[in-house]
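One structure is given below, represented as structure tokens, and several questions about it will come after.
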Amino acid sequence: MEKRNAETISAKENRRLSIHIFVCKWCKAYNEKLKLLDKIFRKTLAEKNSEINESEIQDFKNKMIEKLNF
């Protein structure tokens, strides 16, 4: 999931990940939390009219995940 969020993954990797997320309740929950964090972060940036690069977004996600004890 992190790799897919950080960069483009192959169609095969994406398909395998999607199937896994569909059957694994833990990964599905983790994926939903990642999506929520990304949405909140991007909304906050849009409101502040700030520009930030993708590596800073990923750093923020990683810090939030650590704080959420994943």
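Side chains included, hydrogens not; waters and symmetry mates left out as well; all remaining heavy atoms used. Predicted model, so just to flag it, every value in this text is computed and none were measured.
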Exercise for review: Taking the side chain as every heavy atom from C-beta outward, state whether Ile21 and Met1 have any atom pair closer than 4.5 Å.
Suggested key: yes
**Study point:** All pairs passing side chain to side chain donor-acceptor pair (under 3.5 Å) where residues 15-29 contributes a residue, at least two apart
**Key:** none
Practice item. Name all residues meeting the side-chain contact (heavy atoms from CB on, under 4.5 Å) criterion together with Arg42; count only those two or more places apart in sequence or in a different chain, and write none if there are none. Key: Asp38, Glu54, Ile57
**Study point:** side chain to side chain donor-acceptor pair (under 3.5 Å) partners for Asp59, two or more places apart
**Key:** none
Review point. Who passes side-chain contact (heavy atoms from CB on, under 4.5 Å) against Ile40, sequence neighbours left out?
Key: Leu36, Thr44
Practice item. With rounding to the nearest 0.5 Å, note down the distance linking OG1 in Thr8 to CG in Asn14. Key: 10.0 Å
Review point. Quick one: hydrophobic cluster around Ile19, which other residues, with the 4.5 Å side-chain cut-off, linked directly or via members?
Key: none
Practice item. Would you please name every residue forming a side chain to side chain donor-acceptor pair (under 3.5 Å) with Ser10, sequence neighbours left out? Key: Glu13
Study note, to complete from the structure: Rounded to the nearest 0.5 angstrom, the CD-CZ distance for Gln58 and Phe41 is 10.5 Å
